[in-house]
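Numbers for residues simply follow the sequence, beginning at 1. Fair warning: this is a prediction, and the values are worked out from it, not measured in the lab. Remember, it's 1-based here, ligands and their atoms both numbered in the order they're listed.
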Amino acid sequence: MVGEHSFDVVVIGSGPGGYIAAIRASQLKLSVALVEKYPTLGGTCLNVGCIPSKALLDSSEQYYNAVHRFAKHGIKIPPPELDFSQMVARKAQVVEENSRGVELLMKKNKVAVFHGIGRFASPTTVEVVNKEEIIALKARHIIIATGSKPATLPGITVDKKRIITSTEALSLPEVPRELVVIGGGVIGMELGTVFARLGARVKVVEYLDRIIGTFDRALGKELLKISRQLGMEFFLQHAVQSVEYVNIDRIQVKAVNSEGSPVFIEGDYCLVAVGRRPYTEGLNLEAAGLTTDAKGFIPVDENCRTSVPHIWAIGDVVRGPMLAHKAEEEGAAVAERIAGGKPLIHYHLIPNVVYTWPEVASVGYSEEQLKESQRPYRVGQFPFLASGRARASMDTEGFVKVLADPLSDEILGVHIIGPRAADLIAEATLAMEFKAAAEDIGRICHAHPTFSEALKEASLAASGLGALNM
Ligand code: FAD
Ligand code: NAI
């Protein structure tokens with residue numbers, strides 16, 4: 001059966017890029033269709049990314065605190081028992097609730113949802129292919145928001161049983177006894193710490209000489225120290241070459257160290273977390289007159305417009321950080337552009353967070369980037385050890401680092417590792433969007449006692465006035 005419909009905008013992919021684009025387009029009085037190949041809406045972020053990983057991070061932190069920290073707070077309980085299947089079931093429930101929330105949002109905003117694979121039949125028609133039918137959607141504008149999939153390495157076959165990606169790691173049947181994580185990036189550290197807190201022996205094998213390599217070096221150094229205290233082992237400057245089964249329930253990772261010698265690391269599971277690749281399979285881009293670049297991304301200009309003027313692409317499938325909030329900003333901006341608006345995204349001010357505990361969060365330039373561009377800067381740093389609020393909750397690890405221009409005092413970068421860093425970074429981002437000086441944050445009254453006082457203190461230090469509580 002073939003049906004045909006016409007819309008102002010057809011969005012392919014219901015992740016945070018796609019569904020936000022659909023909502024904004026509808027708010028701007030455009031008729032909108034959203035195409036999603038899976039039965040549930042929300043994309044990677046909601047189904048197998050941000051939301052389920054944060055649910056497990058929270059649960060594992062609660063468990064860890066019950067085992068290791070309650071007694072210090074004066075709470076005596078019998079040794080807690082881990083019910084891992086309940087932990088995974090709670091995570092699944094959180095995902096389901098969120099996905100249903102997106103369905104409701106689509107209904108509320110009168111977005112027509114079509115389930116099936118979206119593929120171009122021509123530059124102006126997207127066909128939705130599912131088991132029952134093919135439906136043709138004609139569109140004035142098309143937004144590609146098909147996201148990304150886990151990448152792997154040559155020499156590694158992900159069998160989804162014991163050699164797994166983040167997707168399987170979020171639904172394991174058991175806590176691994178020994179987990180080898182390939183890649184000390186964001187996923188490696190977030191999921192690595194989940195299982196370390198639940199009792200797994202976690203070994204991270206990382207190609208670089210540091211973890212979370214895209215962040216300011218000082219943050220990676222501090223997170224490495226804290227993660228080692230948690231019992232995690234690190235094999236830095238080790239390039240993984242292959243993963244093999246040694247028997248039915250044991251794997252062995254082969255890596256080469258900085259001296260060029262082979263190193264073998266064993267475990268009962270291996271999590272491959274070496275980045276993600278843009279996903280365009282099944283789209284039939286040729287029919288739209290589009291191609292991908294050498295890395296598989298759909299080329300777009302600064303406004304997310306492809307080489308075909310009425311076709312746009314956003315989120316993980318285009319250049320820039322692979323982050324849900326970046327996809328959302330692009331989704332809303334493209335919908336506004338289609339409706340005649342001229343929104344701008346400051347890519348340089350997209351915050352980046354690692355949801356370990358303590359959390360890591362950054363915005364703006366790192367110290368290394370400023371050095372490389374030979375831009376002078378002043379540093380102000382404040383340790384959470386000196387924060388009354390942090391001492392009250394026993395969260396004294398980490399610091400806030402503010403980088404500011406030595407002449408104008410404009411804030412150039414803020415880098416935080418510590419309690420609630422993910423929330424604290426919003427103040428820094430706001431300040432930087434308004435081109436604030438470090439002294440501006442330093443002179444704003446911050447409630448006492450709060451973690452946010454650490455940002456005020458680091459800003460005072462960076463401005464040259466000097467921190468008051470250190
Ligand atoms: P996606 O969310 O990948 O959505 C794309 C959608 O398109 C999918 O639903 C897919 O099924 C659909 N699709 C693809 N092809 C077709 C087709 N031909 N037809 C129909 N539908 C199609 N980011 C953060 O900012 N914060 C985090 O805490 C965070 N945690 C993460 C944790 C993990 C474990 C992972 C894997 C990722 C995490 N991310 C996080 C990254 C975040 O999930 C992505 O950046 C974000 O989902 C990208 O959004 P998107 O809309 O571009 O694509
Ligand atoms: P990543 O790019 O953060 O880290 C991959 C790591 O693997 C790098 O450190 C790299 O040096 C290492 N690596 C590559 N090849 C290797 C080899 N042969 N041997 C050893 N190490 C090797 O990618 P990751 O962690 O897979 O995450 C993918 C993306 O998902 C991230 O870029 C991020 O954008 C997004 N994400 C965001 C989260 C957040 O915002 N909190 C959470 C999880 C994912």
Side-chain angles (χ1 to χ4, degrees), residues 11-21 34-38 40-54 56-57 114-120 126 128-130 144-156 165-167 169-170 181-192 204-215 220 235-242 253 255-256 271-284 313-318 320-328 330-331 350-356 359-361 422:
V11 184
I12 311 175
S14 73
Y19 87 76
I20 291 293
L34 180 70
V35 185
E36 171 54 54
K37 70 174 187 172
Y38 288 124
T40 56
L41 302 181
T44 304
C45 169
L46 216 152
N47 291 282
V48 290
C50 325
I51 300 300
S53 59
K54 266 80 264 180
L56 286 186
L57 275 153
F114 294 85
H115 286 280
I117 293 174
R119 73 171 184 213
F120 282 98
V126 174
V128 184
V129 184
N130 60 38
I144 305 171
T146 48
S148 63
K149 292 279 176 202
T152 184
L153 295 169
I156 300 182
T165 69
S166 55
T167 302
L170 293 167
V181 179
I182 305 177
V186 196
I187 293 182
M189 291 312 298
E190 287 189 359
L191 293 179
V204 179
V205 192
E206 168 55 51
Y207 177 75
L208 301 174
D209 62 351
R210 60 194 188 277
I211 57 169
I212 54 166
T214 52
F215 285 76
F235 297 79
L236 300 180
Q237 290 184 283
H238 280 62
V240 170
Q241 300 209 309
S242 60
V253 172
V256 174
L271 167 61
V272 183
V274 293
R276 293 177 62 83
R277 59 177 176 85
Y279 184 71
T280 53
E281 266 115 78
L283 270 179
N284 195 25
I314 57 172
D316 283 10
V317 80
V318 302
M322 287 182 162
L323 297 172
H325 42 285
K326 177 261 196 185
E328 288 186 23
E330 289 182 336
I350 292 173
N352 205 351
V353 174
V354 190
Y355 293 83
T356 44
E359 292 172 338
V360 179

Among [options], closest by any non-hydrogen atom to [atom]:
{"atom": "atom 39 (N) of ligand 1", "options": "Cys50, Pro150, Pro351, Cys45", "value": "Cys50"}
{"atom": "atom 24 (C) of ligand 1", "options": "Gly147, Gly42, Ala324, Pro52", "value": "Ala324"}
{"atom": "atom 20 (C) of ligand 1", "options": "Lys54, Lys37, Lys149, Arg276", "value": "Lys37"}

Ligand 1 atoms in contact with Ser53 (distance to a heavy atom under 4.0 Å): 32 (C)

Subset of ligand 1 atoms that lie under 4.0 Å from at least one heavy atom of Gly43: 2 (O), 4 (O), 8 (C), 9 (O)

Under 3.5 Å: N/O of Asp316 near N/O of ligand 1: yes

Contact (N/O only, under 3.5 Å) between Tyr355 and ligand 1: no

contact_flag Ala273 ligand 2 heavy-atom lt 4.0 Å: yes

Sub-4.0 Å heavy-atom approach of Gly275 to ligand 2: yes

So which protein heavy atom does [atom] come closest to, and at what separation?
{"atom": "atom 3 (O) of ligand 1", "result": "Thr44 OG1, 2.6 Å"}
{"atom": "atom 1 (P) of ligand 2", "result": "Gly185 CA, 4.1 Å"}
{"atom": "atom 8 (C) of ligand 1", "result": "Glu36 OE1, 3.5 Å"}
{"atom": "atom 21 (N) of ligand 2", "result": "Tyr207 N, 3.1 Å"}
{"atom": "atom 19 (N) of ligand 2", "result": "Val240 N, 3.0 Å"}
{"atom": "atom 17 (C) of ligand 1", "result": "Gly118 N, 3.6 Å"}
{"atom": "atom 9 (O) of ligand 2", "result": "Glu206 OE1, 2.7 Å"}

Closer than 4.0 Å: a protein non-hydrogen atom to atom 32 (O) of ligand 2: no

Examine the proximity of ligand 2 to [X] and report which part, side chain or backbone, both or neither, has a heavy atom under 4.0 Å away.
{"X": "Val353", "result": "backbone"}
{"X": "His238", "result": "backbone"}
{"X": "Leu153", "result": "side chain"}

Which of the ligand 2 atoms, numbered from 1, are nearer than 4.0 Å to a heavy atom of Val186: 3 (O), 25 (O), 37 (C), 38 (C), 39 (C), 41 (N), 42 (C), 43 (C)

Heavy-atom side-chain contact between Val240 and Ile156 under 4.5 Å: yes

